[in-house]
Amino acid sequence: MPSSRSTGSAGVPGALPPPASFLAAYDEVLTARWPEGTTTARIPTPYGTTHVTSHGPSDAPAPAVVLLPGGGATSTVWHAQAAHLGRKRRVHAVDLIGEPGRSTPGARPIRTVADLTGWLGAVLEALGAEADGRRPVLAGHSYGAWIALHHALHAGGARRLAGLVLVDPTQCFTGFRPGYLLHALPLLLRPTPRRARAFLTWETAGADLDAGWLRLYEEGARLPAVRPVTGPRPGREALRGLAVPTLVLLAERGRALDPVRTARAVGRTLPGASTYTIPGATHHTLPLHATAAAGINRRLDAFLDGLTDGLPDGLPDRLPGGLPGE
């Protein structure tokens, strides 16, 4: 779900840094859930300073994987993928500027889709993910998937990316379910920790989410409200021209998207994509809940192992008609 909260920056007039309670909760998740050997970095861009958490061998021959979180989730939400993928490839999880996390906006605001893709391009370049001809695999969940898809379309797709992974991508192929927006409305209008927890409890049907991450998500609801950069869904012609190998993963029981309708839309507009559902998953159990994480990691392995030095090789077949399934 697109977030309405933001971290501040001492370098921006009128902006405040995140409160100590948020930073403590953030660091707690990093310490408790991210694997040993994890590092962090702060990357300057024209739009502010971006916080990146990384794991895995820096000299891995396989393309690096860059992970974008959904609204309000922070990059810490990818800890299960970092631990799994980081055994043989470099993984970078990025805090979105303007969203809860440790990234801080600069004097040049992100106001348009072009700004957003320009910011991400600067981050990818700084990470060195495109060095030596090894283009990165870009993955995103929810709002992060929307950003990833727009970046692929604006940045030339296969010329700069080895692969694209869209996890329950909102506003990419279909719109939100009306009931999801109705339940999200109180949180968007007046975010509070109690409303954040209630919303997740409803969407996940009471799933046992990681307690530390849930506390961090609730603390994010205390941050000042901002309007995220959004826009229309990409047009059919633009999607059909996307040449980068793409994996789409959908939540079987998600309340944000209709997985069957979305899979069919992917089949119509992005016929080269591989589309699967994650059994039992909801929009917000992805990507961190243990069962959902295992399903994502299995599909990621198959997809990533089919990429050689950024070139497609033996990618999994798309399901007939774009229908989701195992």
Side-chain angles (χ1 to χ4, degrees), residues 1-7 18-35 38 40 51 53 55 67-84 93-96 98-103 140-145 167-168 170 180-181 183-225 228 249 251-257 278 280-297:
M1 177 185 66
S3 172
S4 62
R5 285 89 62 204
S6 170
T7 52
S21 58
F22 175 86
L23 298 178
Y26 188 106
D27 291 344
E28 179 184 335
V29 177
L30 276 185
T31 301
R33 293 302 180 190
W34 277 68
T38 293
T40 62
H51 182 91
T53 302
H55 181 67
L67 304 167
L68 306 180
T74 79
S75 63
T76 65
V77 76
W78 293 106
H79 59 81
Q81 287 69 44
H84 180 79
V94 179
D95 276 340
L96 307 178
E99 289 283 330
R102 283 185 170 272
S103 292
H141 170 236
S142 189
Y143 179 51
V167 181
D168 225 33
T170 53
Y180 180 86
L181 295 177
H183 279 83
L185 191 58
L187 179 60
L188 293 172
L189 291 177
R190 189 168 65 85
T192 67
R194 183 181 64 81
R195 290 183 175 189
R197 179 181 286 265
F199 177 73
L200 289 183
T201 299
W202 168 78
E203 200 285 324
T204 65
D208 186 20
L209 299 178
D210 180 81
W213 179 85
L214 183 57
R215 176 178 165 236
L216 174 60
Y217 187 83
E218 292 175 347
E219 288 294 332
R222 302 182 191 274
L223 299 176
L249 300 177
E252 181 189 32
R253 299 180 180 175
R255 296 188 172 186
L257 301 174
I278 304 300
T282 79
H283 187 70
H284 290 286
T285 61
L286 298 172
L288 80 165
H289 189 263
T291 303
I296 288 179
N297 291 343

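Below, each value reflects all heavy atoms present in this structure, side chains not excepted, and no hydrogens, waters or symmetry copies.
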Requested in this report: May I ask you to decide if Pro287's main-chain N or O and Gln81's side chain share a donor-acceptor pair within less than 3.5 Å?
Outcome: yes

Query - From NE2 (His284) to CG (Leu214), nearest 0.5 Å - result: 12.0 Å

Query raised in the report: Can you name the nearest heavy-atom pair linking Ala292 to Thr285, along with the distance?
Result: CB-O, 3.7 Å

Report task. Answer yes or no: does atom CZ of Arg253 have more than 12 heavy-atom neighbours from other residues, nucleotides or ligands under 6.0 Å? Result -> no

Query raised in the report: Is there a donor-acceptor pair under 3.5 Å between the side chain of Arg33 and the backbone N or O of His79?
Result: no

Report task. Could you walk me through whether His183 and Glu203 pass side-chain contact (heavy atoms from CB on, under 4.5 Å), step by step? Result -> CA-CA 9 Å; His183 279 83; Glu203 200 285 324; over 6 Å; no

Requested in this report: Write down the atom of Leu68, the atom of Gly144, and the distance for their closest heavy-atom approach.
Outcome: CD1-O, 3.6 Å

Report summary line: Heavy-atom closest pair (Val29 atom, Thr76 atom, distance to 0.1 Å) is CG1-CB, 3.7 Å

Report task. Nearest 0.5 Å please: distance from the OG1 atom of Thr201 over to the CG atom of Leu209. Result -> 7.5 Å

Query raised in the report: Just by distance, do the side chain of Arg255 and the backbone of Trp202 share a donor-acceptor pair under 3.5 Å?
Result: yes

Requested in this report: Considering only NZ, NE, NH1 and NH2 on the basic side and carboxylate oxygens on the acidic side, decide whether Arg215 and Glu218 come within less than 4.0 Å.
Outcome: no

Requested in this report: Would you name the heavy atoms of Pro35 and Ala83 that are closest together and state the gap between them?
Outcome: CG-CA, 3.9 Å

Query raised in the report: Short question: side chain of Trp213, backbone of Thr74 - any donor-acceptor pair under 3.5 Å?
Result: no

Report summary line: Residues Tyr217 and Gly71: closest non-hydrogen pair is CE1-O, 4.2 Å

Report summary line: In this structure, CG of Asp27 is separated from CZ of Phe22 (nearest 0.5 Å) by 9.5 Å

Query raised in the report: Hey, does Pro69 have a side-chain heavy atom less than 4.5 Å from the side chain of Leu96?
Result: yes

Requested in this report: Verify the distance criterion only: is there a donor paired with an acceptor across the side chains of Tyr26 and Ser75 at less than 3.5 Å?
Outcome: yes

Query raised in the report: Going through the distances and angles, do Leu249 and His141 end up as a side-chain contact (heavy atoms from CB on, under 4.5 Å)?
Result: CA-CA 9 Å; Leu249 300 177; His141 170 236; over 6 Å; no

Query - Pairwise distance CH2(Trp34) to NE2(His55) - rounded to 0.5 angstrom - result: 8.5 Å

Report summary line: Shortest non-hydrogen pair, Leu286 vs Ala281, comes out as CD2-CB, 3.8 Å

Report summary line: One should read off an interatomic distance between Leu200 CG and His283 NE2, to the nearest 0.5 angstrom, of 10.0 Å

Report summary line: Taken to the nearest 0.5 Å, the spacing of Ile296 CD1 from His289 NE2 works out to 12.0 Å

Query raised in the report: Has the side chain of Thr53 got a donor or acceptor atom that lies under 3.5 Å from a matching backbone atom of Thr40?
Result: no

